[in-house]
> 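The structure's right below; bear with me while I get my questions together.
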Amino acid sequence: MTGRSAVLQGAREAAGVPAAVLVAGYIGFGALAAGHGLPLPAVVASTVAVWALPAQLILVEMYTVGAPLVATVLAAMLSSARFLPMTLTLMPMMRHARYRGWHYLVAAQLLSLTGWAMAMARFADIETARRLPWFFGFTLVCIAASAAATAIGFAVAEAITPLVKIGLVFLAPTYYLLILLGSVRDRATAYALACGAVAGPLAYLVAPEWGVLIAGLGGGTLAFLLLPGRRP
Amino acid sequence: MNTLVVLVIACALATYVWRGLGAAISGRVRAEGPLFTWFGCVAYAMLAGLVARIVITPLGTLETTELWHRLGAAAIALAAYFLFTRRNLFVGVIAGGLAIIGLYSF
C-alpha cells in the first residue's frame, strides 16, 4: 500500500499551486493556438504527447508560418535538450529495487520542469521507495490539468483581452524564476543559475536556435569549473 | 494522416529522445561525484538561461511590453515570494502576473 498512498500524496501536492500555475500557462497556450487557427484535438494532443511548453510553442509557431517539418522537429528537439540533464539528475534519486526499467522510461515521458523542480525540492523528505509513485501521482495530475486548461484556453480565446493575456503569459516565467531561486541550497546551484542567467540572453543574441543549449552547456560548465576544489 | 498530426507525433518523439536517453543511461551515472554535479549545473544553467532570455528578449505576447515592465514585475514577484510571504509560490506567481498588467497599464 506504500505505492498507492505515495501516488495519492504526489497527486495531492500537484493539485494546488503547481497545477494552478500550469493551468494559467496552458490557458495562454490554448488561446494562442486558437488564434493561429489550429484544430483543437491536435493542440490538446500536443500537451499530452509533447508535454514541453517551449517545444509546443515552437510547433505551433513554425507550423503557422509553414516551416519545413524537419526544421520544426529539430527546433523542438533542441529546445528540449534540458530533459537530458534533468532525467540524469532525477532518475538516480528514484531508483529502487522494487521497480523495473520500463517504469523509468514511462516516468521520463511524464517529466516536466514543474515535476522535476518540485521532485528535486521534495525528495529529501520522501523515502526512496515512495519517490517513483509520488512522481507518477504528481505528474499525471499536472498533465490532466494542463490538457484540460489547453482546451479551455482554446475555447475562451476570443474573450481574453490583450492585457489579460500579457498577465497570463508572464505567469510561466515568473513561476520558473521563483522555483529556481527557491531551490538554491548549495554553491553549485547558485553558480549555475548565475552563469546560466548571464549566458542565456547572450547566447540567444549570437544563435537564437541554439541559445538554450549553448547557455546550458557553457554556463553550466563554467559554474562547475568555478566551484572550489574542482580541477578542470 | 495530415501534416499537423505527423508533426505532433514527430515533436513528441524529438523531446522523448532526451528523456529516454537520460533515463536509459542514468543508471551508469552515480548520484554523487563530479559528473552528477556537472549535469546538475547544466540543467540549472539551461533553465536559468531560458527564463532570463524570456524576461529580457521575449517572443510573442510579451513583446509588446517594455523591458522595465518585465524586470519590475519580476522584482515584485521576488519580493512577494521571499520578503512578504514565507515562500508562498502561488502568491509570488500571481503577484508577478498582476504586476506586469499594472506596470504595462501605468
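Please read these numbers as outputs of a predicted model, since none were measured by experiment. Just so it is clear: chains get the letters A, B, ... in the order the sequence lines come, proteins before strands, and each one is counted from 1.
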> Does any heavy atom of chain B fall under 4.5 Å from the side chain of A:Ala199, the backbone, both, or neither of them?
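For A:Ala199, neither part sits under 4.5 Å from chain B.
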> Could you give me the CA-CA distance, side-chain angles and deciding distance for A:Val43 and A:Phe29, then say whether side-chain contact (heavy atoms from CB on, under 4.5 Å) is met?
CA-CA 9 Å; A:Val43 177; A:Phe29 170 72; 3.8 Å; yes
> Can you tell me how far OG1 of A:Thr150 sits from CD of A:Gln56, rounded to the nearest 0.5 angstrom?
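Rounded to the nearest 0.5 Å, the CD-OG1 separation comes out at 6.5 Å.
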> Who among B:Val55, B:Ile54, B:Thr57, B:Leu98 has the most heavy-atom pairs with chain A under 4.5 Å?
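Ranked by heavy-atom pairs under 4.5 Å with chain A, first place is B:Thr57.
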> Give the member of A:Leu84, A:Leu178, A:Thr89 that has the highest number of heavy-atom pairs under 4.5 Å with chain B.
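Sorted descending by pairs with chain B, the first entry is A:Leu178.
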> Highest number of heavy-atom pairs under 4.5 Å with chain B: which of A:Val164, A:Leu202, A:Leu181?
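If we count pairs closer than 4.5 Å to chain B, A:Leu181 comes out on top.
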> Does the side chain of B:Arg19 come under 3.5 Å of the side chain of A:Ser80 through a donor N or O and an acceptor N or O?
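Result is no, nothing qualifies.
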> If you count heavy-atom pairs under 4.5 Å with chain B, which of A:Leu59, A:Val48, A:Leu205 comes out on top?
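Max contact count across the listed options: A:Leu59.
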> Considering only heavy atoms and a distance below 4.5 Å, find which of A:Gly216, A:Ala203, A:Gly200 pairs most often with chain B.
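Looking at each of A:Gly216, A:Ala203, A:Gly200 in turn, A:Gly216 comes out on top.
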> Please identify, among B:Leu47, B:Ile94, B:Leu50, the residue contributing the most non-hydrogen atom pairs under 4.5 Å to chain A.
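Top option by heavy-atom pairs under 4.5 Å: B:Leu47.
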> Name the member of B:Phe90, B:Tyr104, B:Phe82, B:Trp38 that forms the most heavy-atom pairs with chain A at distances under 4.5 Å.
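Max contact count across the listed options: B:Trp38.
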> Does the side chain of B:Tyr44 reach to within under 4.5 Å of the side chain of A:Leu180, using non-hydrogen atoms?
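Yes, side chains in contact.
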> Which atoms of B:Val8 come close to chain A, meaning under 4.5 Å heavy atom to heavy atom: side chain ones, backbone ones, both, or neither?
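Contact with chain A is through both the backbone and side chain of B:Val8.
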> Looking at chain B, which one of A:Leu171, A:Thr174, A:Ile166 has the largest number of heavy-atom pairs inside 4.5 Å, strictly under?
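Maximum pair count with chain B is reached by A:Ile166.
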> What distance do B:Ser26 atom OG and A:Leu90 atom CG have between them, rounded to the nearest 0.5 Å?
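Between B:Ser26 OG and A:Leu90 CG, I get 9.0 Å after rounding to 0.5 Å.
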> Give me the ring orientation class for A:Trp51 and A:Tyr26: parallel if the planes are under 30° apart, tilted from 30 to 60°, perpendicular past 60°.
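A:Trp51 and A:Tyr26: parallel rings.
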> Find out whether A:Ser146 and A:Val23 are in side-chain contact, i.e. whether some heavy atom of one side chain is under 4.5 Å from a heavy atom of the other.
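They are not in contact (no side-chain heavy atoms under 4.5 Å apart), so the answer is no.
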> Could you check if a side-chain atom of A:Phe136 sits within less than 4.5 angstrom of a side-chain atom of A:Leu110, using non-hydrogen atoms only?
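They are in side-chain contact.
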> If I measure from the heavy atoms of chain B, does A:Val21 come under 4.5 Å with its side chain, its backbone, both, or neither?
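Interface part for A:Val21: side chain.
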> Hey, is the main chain of A:Leu227 close enough, under 3.5 Å, to the side chain of A:Arg187 for a donor-acceptor pair?
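Such a contact is absent between A:Arg187 side chain and A:Leu227 backbone.
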> Does any backbone or side-chain atom of B:Leu78 lie under 4.5 Å from a heavy atom of chain A? Answer side chain, backbone, both or neither.
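It is both, since atoms from each part get that close.
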> Sort B:Thr65 into side chain, backbone, both or neither according to what part of it lies under 4.5 angstrom from a heavy atom of chain A.
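Just its side chain gets close to chain A.
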> Pick from A:Tyr175, A:Tyr191, A:Tyr104: which one has the most heavy-atom pairs with chain B under 4.5 Å?
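Option with the greatest count: A:Tyr175.
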> Tell me, out of B:Ala77, B:Cys11, B:Ala10, who's got the most heavy-atom pairs with chain A below 4.5 Å.
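Heavy-atom pair counts peak at B:Cys11.
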> Calculate, to the nearest 0.5 Å, the distance between atoms CG and CG belonging to A:Leu222 and A:Leu217 respectively.
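Between A:Leu222 CG and A:Leu217 CG, I get 12.5 Å after rounding to 0.5 Å.
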> Is there a side-chain contact between A:Phe135 and A:Leu111 (heavy atoms, below 4.5 Å)?
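Sidechains of A:Leu111 and A:Phe135: in contact.
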> Go through the atoms of B:Leu21 and report whether side chain, backbone, both or neither lie under 4.5 Å from a heavy atom of chain A.
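Both parts, backbone and side chain.
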> So for B:Ala73, is it side chain, backbone, both, or neither that comes closer than 4.5 Å to the heavy atoms of chain A?
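Both parts, backbone and side chain.
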> Please state whether the side chain, the backbone, both or neither of A:Ala197 comes within less than 4.5 Å of a heavy atom of chain B.
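Both backbone and side chain.
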